Structure formats: structure tokens, C-alpha cells
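Numbered from 1 within each chain, the chains take letters A, B, ... in sequence-line order. A quick note: this is a predicted structure, and the numbers were derived from the prediction, not measured.
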Amino acid sequence: MPELDPFEIRVAAAVHAIADRADTRVDAAAVARESVGQRPAWSVAWSWLQVPLPAAMLLVLALTLALVAGMAVVGALRDRPALLAPLPSPTAEVSVAPSPTGDGTGIAHVTGTGTFSIVSPGTTVEVGDGTQTRGYVATSAVVANDPRATGTGTLHLDIDTHGRVGSEWGTYRLVTADGAWEGALAGGSWSDGNASEVTGYLVGSGDYEGYSLYFDVRSSGFAMELEGIIFPGPPPGP
Amino acid sequence: MRSPARWILVLALVSLAAAACGAAATTSPAPSGAPTQAATATAAPTAAATARPTPTPMATTDGVGPEYVTGTSSLSVMKEATQTIVGNVVQYRGQEMWGTGEMSDPRIAGTQVITLNGDMYGDVMSEWGTTRLENAQGTWEGTWTGASWNDGTATSVTGWLVGGGDYAGWTYYFHVYGASMPWTAEGIIFEGSPPAP
């Protein structure tokens, strides 16, 4: 590296002297004020409250919770009139059985879902503008809110179609862990058979001896939704 | 500054928000459904007989040929049932009701008379009865079965009605269901007979 001549040495000394006089201190308060001045309005409002940022976040959370709680109260009160509606009053005393609880005992309103798959499509013949299908067999897997209606079912069905709608009837047997339900079902289909609704009274056996299950099944494609009641008595007479 | 006064102000704002929600809840209009009437109509007929209703058609189909139909259904009591208690069962027999609603097909509009029998176990009931539907072109008549729960406010019933008059040779299968009145109605109309029992 070549040595500096006297002129260069003086220039270097002068540059260092200027650099050493520069003010490099930071005014933190001024920077903070500048930053606050650029915040959105809501942030300015929080600064007016002079609440630290974590506390502000807690307040936002608290307000949100208050609103959610208020909405819950609204929902509860909207349901209340139905709960408070006068119930039918039999004219004489009667021992009321337990309310439906889905606990697998006694009287119950049951709901559930399931899927079914075709075991045999049966035989189909054309009759006029429709078709007649006989010997259709399907199996189903049902999961209900009551274990007594949860199990696997076998459906035997006959179907008459009339254009895009059809009437269908047959039998259904639902086998569960502690017993079985069996009986006749009938109903209708539409949308070329892609949607259907069948109902029926099934009679219990095994642990369900003496009970009946009213079974309403709506299906779309291979998915089904069911609803019904379980009660300690026979189905309605013919 | 983190003065207690400012914290009190913040807490007051939160309280006001919660109070506002409460006020909104107490002033919200109650639902306009008719669970009481539904319960009366299907479970324990206590309402007085009502005037003959005027059905309101909501026809959207062409009213010809096989059809999937939809609409709503409501009931009003015409004659109350007799009640007999057998063990834990309340047996309702012979209730007569007017049926009203709006359906998508003009063939099933008209005056509807329904009889209801039911065996009530706790707050669920097995039900069965008859239905006759009449309009200027003909009649639909047959039987139905089903169930109700929640003390009769929720229901699912189905029936097969045979046509008369212009509807001779046709069948109307209906399904009425839902949590409260007016219930949802759907069904099919087709040329043919109901399934044999």
C-alpha cells in the first residue's frame, strides 16, 4: 500500500474531524410521537385511553365476549316462548314416562344418519310409461342418537316408477347390539329415484321386546337421515 | 398514564356493551309459530272448534301427470277427541280437524278433513287416522299413520290417498313433517294404486 503524502494526510485528518462532530444521538420520545401520529384512528383512541397495547387487546377480547354472550341471551330468549308454551293437559292424572334422553332406555325421540348400499338391484320390467322393480335388496349402516336405533339394516323393496316419481314398499330389519327391529316400510321416491322417503312401524325383539320404533327415513343418493320415536307399545292397528 | 379512572371507564364501556346486548334480547320479538296450537291439534285437543278455513293454493306445477309436490300443512281442531287413560297411555280417539296449507299442485288444493287417533306415551305419540281432501275436480281419500313428539309439536306422518272424480285411478302419497306448525309437506301424485297392505 503506498504511503500518504502530507496533503492526503491533512485531508484525512479533516474528514475524521468532521465525522467526529456529527450528532448521532437518538431522541426516542420524538420517534415515538412521530409513530403515534401515523396510526389509524382506532389506535389513537386507544392511546387516548392510555391503556398499554396488551391491555387493549384484552379489552377487545372482553368486548367480543360480551357481544357473544349477549347474542346467546338473545337466542335463549327467542327459544323461551316455545318452552313456556302451555303443554297439552290431559283431563285426568297419568303417570308420565321419562322424557326422551337418547340414553337408550324408555321412551325416546330418535334421530340419526346412515348410508346404504345395494346388495341386489332386483329385476325390472317396463309396464306402460313406468317400470316395476321387484326384489331390490340393500343394506344400511345407521348411527342414531339412541343406541337402540344404531346398527345395520337390511331393506327388501319393491318399486313402481311412474315417470320421475315412484311408489315403494317392503320390509326392513335393523339389528343392533341388544336386539332387532323389524316391520314394513312404504313411501315414495322422486327425482328419478335419487330421493326418497319411507316410513313404517318396526316391532322390537331381544331387549326391545314390547317396544315399537316408528322409523322415517329420507334418503338422497346413498345417504340417509332418519327420525322417529321408540315407545313401549304396539304399532297402530291396521 | 394508567390511572384507575381510565380503567373504570373501560370497564364501564364493556358493561354498557353487555347491557345493550341484554336489552336487545329482552326487546326481540317472540317467534310467531304456533306450538300451542300444534300441540293441541295433535296431542291433546283442548282448543275450541275453529271456523272452516280457506285453503290458499300455491300451485306451481302444471297439475298434469305424475308429480313430486311440496308445500306446508297446518291443522285446526273441529271436534275434540275422547281421552281414555290405560296404564301409562293416554288414548285419544276421534279427533276431527281441518287441514290447511299451500301445496305446489292444484290437484291437491281444497278442503281437507282429517280424523286423528293417537296413543300417547309420555311426550311421544303413535298416530293414525283418515284424510279426505276435496276440490271442484274431485277428491282424495285414504288413511295415514305416523308419530309426534315434543308433546305433539313435532311430527312425521304419511298417508296414501286414492283419487275420485277427475282423479279416479290416481294416488296421492303425502308426508307431513317438521318441528312445529306449519309443518313441511311433500309427496307424489301418480297414476296407479297405493301399495297393498
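Taking every heavy atom of both residues into account, B/H175 and A/D216 meet most closely at NE2-OD2, 2.8 Å. When all heavy atoms of B/V124 and A/I107 are compared, the closest pair comes out as CG2-CG2, 3.3 Å. Here the shortest heavy-atom pairing between A/P232 and B/Y121 reads O-CE2, 3.4 Å. Here the shortest heavy-atom pairing between B/T158 and A/E197 reads CG2-OE2, 3.6 Å.
Heavy atoms of B/E186 lying under 4.5 Å from chain A belong exclusively to its side chain. With a 4.5 angstrom heavy-atom cutoff, B/Y177 touches chain A only via side-chain atoms. Of the atoms belonging to B/Y173, it is side-chain heavy atoms, and not backbone ones, that fall under 4.5 Å from chain A.
Separation of atoms CD (A/E168) and CD1 (B/I188) is listed at 8.0 Å; rounding is to 0.5 Å. From B/S156, atom OG reaches atom NE2 of A/H109 across 9.0 Å, with rounding to the nearest 0.5 Å. In this structure, B/W149 CH2 and A/I229 CD1 are separated by 7.5 Å, a value rounded to the nearest 0.5 Å. Note that OH of A/Y201 and CH2 of B/W128 are 8.0 Å apart. Values are rounded to the nearest 0.5 Å. With rounding to the nearest 0.5 Å, the separation of CG in A/D160 from CD in B/E191 is 12.5 Å.
Under the 4.5 Å side-chain criterion, counting only non-hydrogen atoms from C-beta, A/Y214 is not in contact with B/S126.
In A/E225, the CD atom is not crowded: 12 or fewer heavy atoms of neighbouring residues, nucleotides or ligands sit closer than 6.0 Å.
Close approach to chain B, defined as a heavy atom under 4.5 Å from one of its heavy atoms, is seen in A/A186, A/G187, A/G188, A/S189, A/W190 of residues 186-193 of chain A, taken by number.
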